[in-house]
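Quick note on labels: first sequence line is chain A, next is B, and so on, each numbered from 1. What you see is a predicted model, and the numbers here were worked out from it, not measured in a lab.
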Amino acid sequence: MTEPTPDVIAAHGLNEPEYAEVLNILGRAPNLVELGIFSVMWSEHCSYKSSKKWLKTLPTTAPWVICGPGENAGVVDIGDGQAAVFKMESHNHPSFIEPYQGAATGVGGILRDVFTMGARPVANLNALRFGSPDHPKTRHLVAGVVAGIGGYGNCVGVPTVGGEVNFHPAYNGNILVNAMTVGVAPADRIFYSAAAGVGNPVVYVGSKTGRDGIHGATMASAEFNEDSQEKRPTVQVGDPFTEKLLIEACLELMATDAIVAIQDMGAAGLTSSSFEMASKGGMGVELALDQVPMRETGMTPYELMLSESQERMLMVLKPGREDTARGIFEKWGLDFAIIGRLTDSGRMVLTWHGETVADLPIDPLAQASPEYDRPWVDTPAPAPLDEAALPAHPTWDAALATLIASPDVASRRWIWEQYDHMVMGDTVQRPGGDAAVVRLHGSNRGLALTTDCTPRYCRAHPESGGAQAVAEAYRNLSAVGARPLAVTDNMNFGNPEKPEIMGQFVGACRGMAAACEALEFPVVSGNVSLYNETAGEPILPTPAIGGLGVLEDVERMATIDLKAPGQALVLLGGPEDPEAGWLGQSLYLREVLGREDGPPPPVDLAAERRAGALVRELIAGGACDTCHDVSDGGLLVAVAEMCLAGNLGAELSLGTVQAQFGEDQGRYVVAVPAADAEALIARAAEAGVVARRIGTSGGESLTLAGQPGTLALDRLRALHEDWLPTYMDGSTPSAPDSQE
Amino acid sequence: MRAAVIVFPGSNCDRDVAVSLRAATGHDPIMHWHADTELPKVDLIVLPGGFSHGDYLRSGAMAAHAPVMREVKARADQGVAVLGICNGFQVLTECGLLPGVLMRNQSLRFICRDVFLRVEATDTPFTAHYAPDQVIRVPVAHHDGNYFADPATLDLLEGEGRVAFRYTDADGTASAAANPNGSRRNIAGVLSANRRVLGLMPHPERLADPLLGGTDGAPLFSALAESLAA
Amino acid sequence: MKATVHVTLKNGVLDPQGKAVQSALGGLGFAGVEEVRQGKVIELTLAETDPEAARASVEKMCRELLANTVIEDYRVDIEG
Amino acid sequence: MKATVHVTLKNGVLDPQGKAVQSALGGLGFAGVEEVRQGKVIELTLAETDPEAARASVEKMCRELLANTVIEDYRVDIEG
Ligand SMILES: Nc1ncnc2c1ncn2[C@@H]1O[C@H](COP(=O)(O)OP(=O)(O)O)[C@@H](O)[C@H]1O
Ligand SMILES: [Mg+2]
């Protein structure tokens, strides 16, 4: 084969120093297959070359962590001999091109990362960011992404129990679709990807390989092939039915002792799965690519190595177990093929009908991938908010009406009703609360799950934004009564070659690291998605956090709905001054006053931890079963959500705009019998948590003591529930009328 | 009572219904693989919810031709009780054990939420523990639940009292607003002529445990356990 | 040998997809769309080389699986 | 005036439905089914009476709504 031309090298995304390193490693020019392999292995996506240095600063250990970053998913001990296996992953770009299939295959991919490790998936979540609702593409993207997530998750029969959605013009040209899967496995039966055992068979299972999603470089390399029309890369299409069969077949095989190592074929398909398995185990591999099950005729080794066809797995089996495995996969109607053997050569040797088509050393590719210390600059601290210079405040009820129907606060029911959130029969807290809770099958214990990030905070100050995202996940888990155990993250940023974007990444990592450390809430898995820019416009920095916690008894669980009239509403958490409140970067500022400025609320991690511990103690002790953390929109929005969920009004005393709509962190509203309020406040004082009574539940509207105006629950509900369905129907969303 | 749950490739509520059957009868049902034609003697056959064969082509169409289905039809003809929930209902219509067809939801969207149902027939082994016209709350979760049959068939079903459940609002009114999927005459479940085969789109097994938020589905399983007790 | 099967809803059977497409077209500003019906087209590649045998076999597939004759009609085309 | 639109998956794009139908046909005992691809057929009744105008309008409908051109091809037939 001829030596690749500079054009072809560039089309494979390798820069000059990287290509020089390729020549250095091989001692010769690579052929096209080899170049393709280098290209995907050293892509940002697979090698983490820009982010590695900073990811290493995240805390990843705790006594309950069984497996941190580095495997397909993170694993934590959840007690009772069980482990939770979880991870989050992005499918941003494919979802923008083809929202249904992009989102669907995102769900499929993250499911495989989890069941690869021997866990039965028990819950899916999704963190979504779309452009402005006014942007002509947004509606179509929302519809497609939601249908795709539902289409895949519903069919595989894993409940989609939670997630988050934001709208902001910064995502107009680059939406974010981050999917998270949580699985459960026996703690002593986790499967890993390190290959072992010279001579052991390497086995391919699942769907056949087609020309799906082949690296964009294929286009450019078409000059190496005739009939390039036929070889055009194609969008990946998900087949959730096959995935369901693959889950059942893999779990069935995992119940035997046939498997040495297993790895899903995700991004960069056969290339990255085979290199990762070999590299982790310090092995060599020989693959006969002509043995790979193929969906189309005329496929080449290059295409087979780079295809991103879905629903495929690679395994190393113990010798002699091939027939057991084959029997199981054939029963489930899946392809099964022995495509190679492990060797001790430390090399990847690929053959095609007996002829060697690539011969590469494994470690230099897998481990000596480039690592960059990209230049970065800190995001300048935002100027303090000059509250005196703000425009006139509308009345509280008008402001609340606007906020409760604003795109980032409005009910997401239209979305989660398209997700089967109950299949598997263990969803004890459905979407709509602070965290979803799924019962561990056959027990009274449960897992609490949430995803969180406030990108507007992250843009204003990446470090506090990063900390806030972790703290909010911690808070959402605590608010249902769960002990927060660990997080997975999905770092979505712009072009890291720009120092200010790299600075956002570094800042967010710093904030996350500090919060994870302080809250004993380590990062056990994650994913980085960079270059989220269109025409030079970056997205808001979005380090999405997926949090997991455990509940010892799901009957001692809190929900956000007010449950009885006459209960005291108590605010736990600062500020000390009941009139004060943090308006910088608040939704009130953006949605009501039309400005995005000021610094985001600071996060006091010690206070966060004290408040979380107190709330968990109250819930576990049976002192309280109604709790909601205070986040987007501040205290009035939080209480309004509690009222709507319980279909019960409340009267509050909140004197100032700051107290009503400030977004101070580390806060929860709990409802307790009025007679218990004083004892609760005293207990909070003992625990070092600021607490005060802010009102009483009851009636059919929300009122503020001593202030005119009232919001009837029916009206509040219509505002909250109607925005998204109305928007998706295509009619102009009705602007909430400010006064009655 | 001995029950068998037929497991098709892509079934995903098989375990859920087994949990409810176990709670009602005290023992586990037989989980029977669709390709296995040797169906043991049982008092109840359950076709569970899910996406058999991915719901490709038409929901339930391919499962209706599963090897075991010939035997299921034979048993139904002998009077063995057959319960099809959601995808199971779709299979029952596709294989001709129940009339009509379940088309794409009118909204074209998958819908998962609690709905209210009015119990229209209580003289069956499935519904004997409900009161006539009782309104119950049970979830639906489907993309193709829009029940369709020609007017003559619908009239026949109504005339023979074979509409088992109808979508209603909380006070039992079968309004258009209470219809989640566009089903003709708000029909949520239908019976065979001998009243021994029931297909319904809602999932009684999903609200048969107080921790899941309700128990209105439980009487269906307790009624089966009682009326089919050997 | 190739066979193409068209599966369409019988007259009088409501077509939620067709209706939705029709109203979406209206929403996009296409005037004068009086009716929309959506059906399936299934293309089969068969080993069979005799057109008559192919047709017979595909008709049988339609009756047994490809169409639900309660609500659907089908048409089989065989091409060389 | 009637228009018929055939929407089919592009070559090389995975067709999970077609695949499942193929294996179901095998299960029903139909031998020699080498490939199955499933597409949509959309029949439109238009007020438009000029064939050329009708075609132009339907082609536009295809691009804007009826076909997902990222993964699908379409073909428009206009009949009297
Ligand atoms: N932001 C991050 N924080 C922590 N760990 C990360 C992060 N990004 C990636 N990782 C870890 O790096 C490893 C490789 O990630 P990835 O390539 O996305 O996994 P996979 O190949 O399974 O898709 C995983 O163990 C993942 O958990
Ligand atoms: Mg993986």
Side-chain angles (χ1 to χ4, degrees), chain C residues 1-11 13 15-50 53-68 72-77, chain D residues 1-11 13 15-50 53-68 72-77:
Chain C
M1 163 149 279
K2 300 236 180 217
T4 306
V5 176
H6 279 81
V7 180
T8 47
L9 285 171
K10 291 197 153 117
N11 272 339
V13 175
D15 175 8
Q17 269 133 319
K19 260 175 76 180
V21 168
Q22 185 180 0
S23 84
L25 287 173
L28 286 172
F30 292 98
V33 181
E34 292 168 354
E35 199 187 355
V36 180
R37 305 280 287 172
Q38 183 171 324
K40 284 184 252 217
V41 50
I42 301 165
E43 300 170 341
L44 303 124
T45 310
L46 305 170
E48 182 61 63
T49 52
D50 171 52
R55 173 176 303 276
S57 154
V58 174
E59 300 252 356
K60 186 152 183 275
M61 291 176 196
C62 288
R63 286 191 305 273
E64 290 188 16
L65 180 71
L66 301 181
N68 179 339
E72 293 170 330
D73 291 325
Y74 60 87
R75 190 183 85 219
V76 176
D77 296 316
Chain D
M1 165 149 273
K2 299 237 179 217
T4 306
V5 177
H6 278 82
V7 181
T8 49
L9 283 170
K10 290 194 155 128
N11 264 344
V13 173
D15 177 8
Q17 307 221 50
K19 204 173 99 180
V21 170
Q22 184 184 0
S23 82
L25 288 172
L28 285 174
F30 291 98
V33 181
E34 292 169 353
E35 199 186 357
V36 179
R37 304 278 287 172
Q38 183 172 327
K40 280 186 286 213
V41 51
I42 301 162
E43 300 171 342
L44 302 127
T45 310
L46 304 171
E48 182 61 63
T49 53
D50 171 51
R55 173 175 303 276
S57 155
V58 175
E59 300 252 354
K60 186 152 181 274
M61 292 175 195
C62 288
R63 287 190 303 271
E64 291 185 18
L65 181 75
L66 303 181
N68 176 350
E72 294 170 332
D73 291 326
Y74 60 87
R75 192 184 84 219
V76 176
D77 296 316

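- A distance of 11.5 Å separates CE in D:M1 from CD in C:E34, rounded to the nearest 0.5 Å.
- Proximity to chain D at a heavy-atom threshold of 4.5 Å picks out C:A24, C:L25, C:L28, C:F30, C:G32 from residues 24-32 of chain C, in numerical order.
- In this structure, the salt bridge (charged side-chain N to carboxylate O under 4.0 Å, His left out) partners of D:K19, at least two apart in sequence or on a different chain, are A:D239.
- Between chain D and the options C:G39, C:S57, C:A3, C:G18, heavy-atom pairs under 4.5 Å are most frequent for C:G39.
- The shortest non-hydrogen separation linking D:L65 to C:V21 is CD2-O, 4.1 Å.
- The OG1 atom of C:T45 sits 8.5 Å away from the CD atom of D:Q22 when rounded to the nearest 0.5 Å.
- At least one side-chain heavy atom of C:V33 sits less than 4.5 Å from a side-chain heavy atom of D:L46.
- With sequence neighbours excluded, the residues forming a salt bridge (charged side-chain N to carboxylate O under 4.0 Å, His left out) with C:E64 are C:K60, listed by chain and number.
- Annotation: maximal heavy-atom pairing with chain C below 4.5 Å, among D:R37, D:Q17, D:Q38, occurs at D:R37.
- Atoms NE2 and OG1, on C:H6 and D:T4 in that order, are 7.5 Å from each other to the nearest 0.5 Å.
- In this structure D:D77 satisfies the salt bridge (charged side-chain N to carboxylate O under 4.0 Å, His left out) test together with D:R75, sequence neighbours excluded.
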